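Single-structure report; data block below.
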Amino acid sequence: MAGDGGIQRTIGLAGATSIGIGAIVGGGILALAGVAFSATGPSALVAFGLNGVIALLTALSFAEMSAAFPESGGTYIFAKKILSVRVAFGVGWVVWFASLVAAVLYALGFAAFVVLALREAWVLGHGSIPALLESRWTVSALAVAATLGFTLIMLRRGGGSARWINLAKIAVFSLVIAGGIWAVARSSGAEMGAHLVPFFPGGTAGLFQAMGFTFIALQGFDLIAAVAGEIKDPGRTIPRAMVGSLGVALAIYLPLLFVIAAAGAAPGESLTELARSNPEGVVAVAARRFLGEFGYWLVLAAGVLSMLSALQANLFAASRVAFAMARDRTITPRLGHLDPGSGIPPRAVLAVGGIVSLILLVVPDVATAGAASSLIFLVSFALAHYLNILLRRRLAPSSLPFRVPGFPLVPLIGGTACMGLAFYQSVSVPAAGVITVMWLTLGAGLYAFRYAGRAQVFDASAEGIDPLLVKHRGRNPMVLLPVADPANAGALVAVAQALSPPGVGRVLLLSVVHPPVAWQEGQEPASLLEMSAVQREAMTTSFARGLAPESLMTVAAGHWGEIARVARLHRCEAILLGLRSIREESADPDFNEFLSTAPCDVVMLRAPRDWHLRATRRVLIPVGGKGSHSLLRARLLGSLRRSVELSVTYLCLPPPRTPQGDLNRMRGLVRSRAEDEMGGRAEVVFSPSPDPATEIIRRAREHDLLILGLQHGQAGRRAIGAFTLRLARETDCALLVLGRKTR
């Protein structure tokens with residue numbers, strides 16, 4: 001079964017749960033237990049428990065969103081579906097960064113545990129530590145080796161669960177917990193009580209401090225959403241996998257913290273002091289206390305396995321976020337390539353592995369970046385709660401595969417808690433906020449100057465193809481259709497239906513009645529009779545096509561000025577005009593003023609009397625210049641593709657003596673434009689010609705529809721130029737002329 005972007009859905013419940021377990025279990029508890037005990041003593045157990053509740057609330061919102069939109073990309077996909085592609089880029093950019101940095105941290109954690117194990121073994125056998133084991137480059141080399149190793153594995157097999165690692169580390173943690181329980185059972189009640197008192201040495205402030213530092217230890221369930229496009233039966237599998245992976249993590253974390261608190265310190269020793277003197281190794285020291293050297297080595301083994309599985313999960317998720325963004329053109333489309341045989345995005349996998357390896361080699365200290373990663377995840381979790389609320393407002397709950405119980409309390413409480421922890425993180429580690437802002441600034445620059453154009457065109461095409469995307473974003477676009485001629489009412493209504501997504505958009509039929517010069521009592525004005533006939537014809541045609549437009553009749557002396565006023569009043573996204581003769585209208589000063597000042601996009605249709613949109617198959621699009629109408633054209637073509645099979649030809653007619661470099665640049669531009677607007681399902685023709693108009697007229701005879709763009713003159717004013725007039729005069733097929741709103 002194919003998921004999004006052509007990726008096959010091959011991950012079942014066990015595999016999806018394993019991804020979450022791999023990302024959550026192990027690394028966080030080993031790295032942050034000492035911090036928690038230092039801040040709040042034995043009540044670290046409460047801190048992790050409260051964080052578990054917040055994480056569960058967040059996982060429920062993630063599960064509803066991911067089941068509704070089972071595509072790879074996680075929070076990036078949620079933002080794209082509910083808000084806009086611009087916001088989605090910002091979200092995806094920082095979440096991708098957070099996953100990359102998390103991978104760096106776990107790669108370094110793996111290397112640190114390996115070096116620690118080698119040092120312990122070397123000391124036992126030789127007594128002194130060689131300089132090689134003290135070198136930073138040893139840690140970096142081990143971290144890069146692990147990263148590249150998993151990169152190669154993902155290129156060959158694609159899957160991201162590494163179940164054998166998960167089973168091994170769960171077994172190791174179970175042994176440590178069992179040993180701790182055995183030690184607690186052997187101790188007296190007074191001895192255990194001495195370890196657990198005082199339970200809140202840091203008070204409420206210490207408890208909240210521990211929660212802020214350690215919440216990230218439960219991050220990882222969101223990686224299931226990041227690979228949702230590869231999960232089978234996502235509506236059922238994703239919620240179960242998220243809750244299940246969190247349940248396994250808490251089933252390990254809480255007993256482990258309890259046995260460390262109850263039996264990890266020596267008699268007369270304070271657990272808080274032990275944690276402060278050895279924050280990174282408190283779990284290993286505690287295991288040595290009740291299991292001897294065997295326990296110490298068990299924790300080292302758990303550390304190596306935990307870091308490996310978390311590294312692999314974050315590399316896998318980061319590659320899928322990159323693939324999703326590249327597919328939407330919000331980063332370089334090259335990363336959106338999918339291998340047809342394996343269903344793996346190899347370029348995205350290689351890019352992620354290469355970036356993580358580069359960071360490992362050039363950045364010696366990533367602690368602050370790690371804090372930024374935690375901050376970003378918390379903010380993205382809060383955003384997911386907010387998006388979940390928006391989704392419920394815009395879609396019927398019955399249409400959702402999975403629904404959060406206790407809505408809206410769950411997303412409200414969860415979102416507030418995540419934002420509170422994020423605020424604490426930004427205050428306690430100000431540099432994390434600085435790094436986040438710097439990364440966002442870099443991304444904003446790249447998006448604005450490099451990717452925005454293609455991303456917005458591709459997104460406009462997606463909106464045209466999928467009306468639900470418009471609905472999810474809370475938009476209700478209106479197309480204004482002034483009707484004055486019953487003969488072309490049917491053709492206009494058909495195009496308006498294509499421009500206005502069914503069930504989401506609205507069409508407003510407008511009739512402008514000119515007031516009579518002299519009124520005769522008992523005699524109905526001819527203009528009113530004519531408008532009534534036009535409205536009746538337009539409504540009849542609309543009902544026949546399953547469209548229920550709104551109707552408005554106004555009285556005004558100025559036709560074009562009234563159309564502009566109504567469009568502005570109703571905040572229309574587009575005005576569709578039916579023009580039998582563009583030549584005649586172009587000579588009207590009022591019409592030209594309307595074109596240059598209309599408050600929205602303008603689409604003009606000139607169609608033969610027997611023309612039907614549903615019969616349109618062959619579309620000719622002359623292209624050149626900067627493509628200022630690509631956004632509107634992409635939305636229109638996407639809308640047309642909903643109802644008809646199109647054969648689209650993009651025709652580029654450069655001058656015969658155009659330099660080769662310019663020709664190559666133009667070819668690349670037109671091909672990318674066709675790819676973004678039609679998804680590659682279009683023919684691109686390059687034909688140098690000294691007379692482009694004649695060539696277009698000749699080729700138009702073989703097509704059903706010709707699509708042109710209005711010229712933009714001084715100050716961006718739209719106008720019908722001589723080139724468009726000639727094509728309108730000498731072609732017989734249907735003609736659509738597009739004019740984007742002047743920004």
Side-chain angles (χ1 to χ4, degrees), residues 5 71 73-97 321-337 347-348 351 355 376 380 383 387 436-466 469-470 472-475 477 573-574 600-601 621 623-639 650 665-680 709-710 712 716 718 738-743:
E71 303 175 21
T75 318
Y76 165 77
I77 290 295
F78 306 160
K80 186 187 76 169
K81 296 288 188 179
I82 300 297
L83 297 175
S84 69
V85 71
R86 295 184 186 90
V87 176
F89 167 79
V91 172
W93 182 251
V94 295
V95 170
W96 188 44
F97 168 75
V321 172
F323 171 75
M325 295 180 69
R327 181 193 54 198
D328 295 333
R329 282 44 169 193
T330 52
I331 60 175
T332 175
R334 292 185 179 90
L335 300 186
H337 169 71
R347 296 175 183 174
I355 292 172
I376 290 168
S380 70
L383 177 64
L387 293 174
T436 303
V437 171
M438 290 175 61
W439 182 255
L440 269 174
T441 302
L442 173 62
L446 285 173
Y447 182 76
F449 295 105
R450 181 75 177 173
Y451 303 122
R454 294 193 65 180
Q456 292 174 22
V457 168
F458 187 83
D459 188 63
S461 176
E463 281 192 347
I465 295 170
D466 183 10
L469 182 57
V470 180
H472 293 157
R473 291 174 175 177
R475 290 177 49 228
E573 285 198 0
C600 57
D601 295 335
I621 305 176
V623 291
K626 298 182 179 179
S628 58
H629 303 287
S630 292
L631 199 66
L632 177 57
R633 187 170 61 222
R635 185 174 290 112
L636 173 65
L637 289 172
S639 301
Y650 288 80
R665 181 190 59 80
M666 193 175 297
R667 285 192 181 95
L669 179 64
V670 174
R671 284 171 180 156
S672 65
R673 196 174 299 168
E675 177 71 26
D676 297 339
E677 295 179 12
M678 288 294 297
L710 282 177
H712 281 171
R718 292 173 293 200
L738 312 178
R740 280 200 62 195
K741 176 183 176 182
T742 304
R743 301 295 183 222

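All values reported here derive from a predicted model rather than from experimental measurement. In this chain, residues are counted from 1 in sequence order.
Of the inter-residue distances, the one linking T330 atom OG1 with M325 atom CE reads 4.0 Å to the nearest 0.5 angstrom. The line from CG of D328 to CD1 of I77 is 6.0 Å long, rounded to the nearest 0.5 Å. Residue R673 holds its CZ atom at 9.5 Å from CE of M666, rounded to the nearest 0.5 Å. A distance of 11.5 Å separates CD1 of I355 from CZ of F97, quoted to the nearest 0.5 Å. Here the straight-line distance linking atom CG of L632 with atom CG of L637 works out to 9.5 Å at 0.5 Å rounding. Distance OG1/T75 to CG/L387: 8.5 Å, rounded to 0.5 Å.
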Could you pull out all donor-acceptor pairs under 3.5 Å where a side-chain atom in residues 82-95 meets a protein atom, sequence neighbours excluded?
unit_1 : atom_1 : unit_2 : atom_2 : d
S84    : OG     : V87    : N      : 3.3
R86    : NH2    : Q456   : OE1    : 3.4
W93    : NE1    : W439   : O      : 2.7

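Across every non-hydrogen atom of H472 and K81, the tightest pair is CB-O, 3.1 Å. When all heavy atoms of W96 and A322 are compared, the pair lying nearest together is NE1-CB, 3.7 Å. Across all non-hydrogen atoms, the minimal contact from F323 to H337 is CE1-O, 4.3 Å.
Every residue two or more places apart in sequence or in another chain that forms a side-chain contact (heavy atoms from CB on, under 4.5 Å) with A634 is listed here: V457, A460, S461, E677. For Y451, there are no side-chain hydrogen bond (donor to acceptor under 3.5 Å, both in side chains) partners at least two apart in sequence or on another chain. Not counting sequence neighbours, Y76 has no partner by the ring-ring contact (aromatic ring centres under 6.0 Å, His included) test. Judged as a side-chain contact (heavy atoms from CB on, under 4.5 Å), and not counting sequence neighbours, the contacts of P477 are V470, R475, P501, V504, E573. Every salt bridge (Lys or Arg N to Asp or Glu O under 4.0 Å) that R329 has, sequence neighbours left out, goes to E675, D676.
Counting only distance, with no hydrogens or angles, the side chain of R473 and the backbone of K80 share a donor-acceptor pair below 3.5 Å.
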Next item on the list: Please step through side chain to side chain contact (heavy atoms under 4.5 Å, CB included) for the pair L469 and D459, ending with a clear verdict.
Entry: CA-CA 10 Å; L469 182 57; D459 188 63; 4.3 Å; yes
Item checked: Test log, rule side chain to side chain contact (heavy atoms under 4.5 Å, CB included), inputs I621 and M678 -> CA-CA 12 Å; I621 305 176; M678 288 294 297; over 6 Å; no
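Residue R667 qualifies as enclosed at atom CZ: its count of foreign heavy atoms under 6.0 Å is above 12.
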